[in-house]
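No hydrogens, no waters, no symmetry mates; every other heavy atom, side chains included, goes into these values.
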Amino acid sequence: MLYKEFSDFYEVARKRHIIFFYVGYFSQHVVAAISETIKARLDTAGAAGPTRRRIFSSFVEMSQNIMHYSSDTLTPDTATENQMRRGSFCIGMKGDSFFLLCANPVDSENVERIRSRLEPLHSMTMEEIKSAYKKALREETPADSKGAGLGFLTMARDASEPLEFEFVQDEHNPEATVFCIKAII
């Protein structure tokens, strides 16, 4: 029975062309280990150098978002170092493109702030995204950001299509919303 459960999961992942999948708690150590695995998997998948760089860059941004903003944490919110927060991440292939999919719970009160940063990216051209990225590099870090405030701009710059995202009520925690984001590279 155990093998059948594993086999069923493996078959679904194979049919969807998933080359990497992780769900659990993210920390700097976990991200470093995943990074090595992703590099090796992208090499075996035949990803070109620039594509590998864009995938890896987006993976780092998604991981940082989980470690900074996931509402399911093993560490206190006040801890600035060694964060351990829950999320999930996968990389798959669809045709000649790769997709990165990330999900993590967020406090429902943060949904509109996140949405307000992502929605404008849908109507921007690649040149406008690059210009906004350069402008953000010169500006002060936003007060509500735990990073440099460049994450979504970085992912949008690296993606070949507009970022897709959605917010879904967390079925396990009515106080939280699950934030999902997808990048096609």
Side-chain angles (χ1 to χ4, degrees), residues 5-26 28 30-70 85-106 114-137 147-168 178-185:
E5 289 177 39
F6 174 78
S7 180
D8 290 347
F9 177 79
Y10 177 79
E11 191 58 28
V12 168
R14 188 187 66 73
K15 284 181 181 176
R16 292 183 181 243
H17 306 285
I18 304 298
I19 63 172
F20 183 84
F21 178 78
Y22 174 80
V23 62
Y25 287 89
F26 282 66
Q28 288 298 337
V30 169
V31 171
I34 290 172
S35 297
E36 292 303 314
T37 303
I38 288 173
K39 287 177 185 176
R41 288 294 288 141
L42 292 174
D43 284 344
T44 60
T51 300
R52 284 195 314 263
R53 184 205 56 78
R54 291 192 316 271
I55 291 169
F56 190 74
S57 171
S58 290
F59 161 70
V60 168
E61 294 301 336
M62 289 177 171
S63 297
Q64 292 296 319
N65 281 340
I66 291 170
M67 289 191 302
H68 289 292
Y69 302 110
S70 175
R85 296 177 184 249
R86 181 176 60 88
S88 59
F89 173 80
C90 81
I91 298 176
M93 296 182 70
K94 188 169 186 177
D96 292 337
S97 298
F98 290 87
F99 64 87
L100 288 74
L101 184 59
C102 174
N104 61 276
V106 296
I114 297 168
R115 186 186 316 273
S116 72
R117 289 192 175 155
L118 284 165
E119 283 183 344
L121 298 175
H122 278 272
S123 61
M124 295 171 74
T125 66
M126 189 53 70
E127 288 306 314
E128 290 170 328
I129 290 170
K130 289 178 182 177
S131 176
Y133 179 87
K134 289 176 185 174
K135 181 181 177 202
L137 282 174
L150 298 171
F152 295 144
L153 283 168
T154 299
M155 287 188 279
R157 182 194 65 188
D158 290 341
S160 59
E161 297 178 19
L163 299 174
E164 297 176 46
F165 66 95
E166 70 178 347
F167 298 92
V168 179
V178 177
F179 168 54
C180 302
I181 189 164
K182 181 179 182 181
I184 306 290
I185 298 178

Exercise. Can you tell if the side chain of Phe89 reaches within under 4.5 Å of the side chain of Phe26, non-hydrogen atoms only?
Worked result: yes

Exercise. Any side-chain heavy atom of Tyr22 within less than 4.5 Å of one from Thr37?
Worked result: no

Exercise. Taking atom CG of Asp96 as the centre, does the number of heavy atoms from other residues, nucleotides or ligands within less than 6.0 Å exceed 12?
Worked result: no

Exercise. Under a 4.5 Å cut-off applied to non-hydrogen side-chain atoms, are Lys39 and Arg52 in contact?
Worked result: no

Exercise. Is the count of non-hydrogen atoms from other residues, nucleotides or ligands lying under 6.0 Å from Tyr10 atom OH greater than 12?
Worked result: no

For this session: Can you measure from CZ (Phe20) to CZ (Arg41) and round to the nearest 0.5 angstrom?
Result: 9.5 Å

For this session: Report the C-alpha separation of Ile181 and Asn65 in whole Å, then their side-chain angles, then the decisive distance to 0.1 Å, and conclude whether the side chain to side chain contact (heavy atoms under 4.5 Å, CB included) test is met.
Result: CA-CA 11 Å; Ile181 189 164; Asn65 281 340; 6.0 Å; no

For this session: With sequence neighbours left out, write down each residue that passes ring pair (Phe, Tyr, Trp, His ring centres under 6.0 Å) with His122, or none if nothing qualifies.
Result: Phe165

Exercise. Say you draw a straight line from SG of Cys90 to NE2 of His17; how long is it, rounded to the nearest 0.5 Å?
Worked result: 13.0 Å

Exercise. Could you state the interatomic distance from CD1 (Ile19) to CG (Leu42), rounded to the nearest 0.5 Å?
Worked result: 5.0 Å

Exercise. Would you say Val31 and Phe59 make side-chain contact, with heavy atoms under 4.5 Å?
Worked result: yes

Problem set entry | Non-hydrogen atoms of Arg86 and Tyr25 that approach each other most closely | N-CD2, 3.4 Å

Problem set entry | Main-chain N/O of Arg53 paired with Ser57 side-chain donor or acceptor, under 3.5 Å | no

Problem set entry | Test side chain to side chain contact (heavy atoms under 4.5 Å, CB included) applied to Lys182 and Glu164, Met62, Glu161, the passing residue | Glu164

Seminar exercise, completed: Smallest heavy-atom separation, Ser97 atom then Ile184 atom, equals CB-CG2, 3.8 Å

Problem set entry | Gap separating the CG atom of Leu150 from the CE atom of Met155, nearest 0.5 angstrom | 11.0 Å

Problem set entry | Cation-pi check, Arg117 onto Phe152 ring (under 6.0 Å, within 45° of axis) | no

Exercise. Taking side chain as C-beta onward, heavy atoms only, is Ile18 less than 4.5 Å from Phe99?
Worked result: yes

For this session: Measure the spacing between CG of Leu100 and CD of Glu61 and express it to the nearest 0.5 Å.
Result: 12.0 Å

For this session: Could you check if a side-chain atom of Arg85 sits within less than 4.5 angstrom of a side-chain atom of Asn104, using non-hydrogen atoms only?
Result: no

Exercise. Got a second to check how far Arg115's CZ is from Phe179's CZ, nearest 0.5 Å?
Worked result: 10.0 Å

Problem set entry | Exercise: identify the closest heavy-atom pair between Met93 and Ala45 | SD-CB, 4.2 Å

Exercise. So which heavy atom on Ile185 is nearest to which on Asp158, and how close?
Worked result: CG1-O, 3.8 Å

Exercise. Mind checking whether Ile91 and Phe98 have side chains closer than 4.5 Å, heavy atoms only?
Worked result: yes

Seminar exercise, completed: Note: Leu163 and Ala156 closest approach over all heavy atoms is CD1-N, 3.9 Å

Exercise. Is the closest side-chain heavy-atom distance between Phe167 and Ile114 below 4.5 Å?
Worked result: yes

Exercise. At their closest point, which heavy atom of Pro120 faces which heavy atom of Ser116, and how far apart are they?
Worked result: CD-O, 3.1 Å

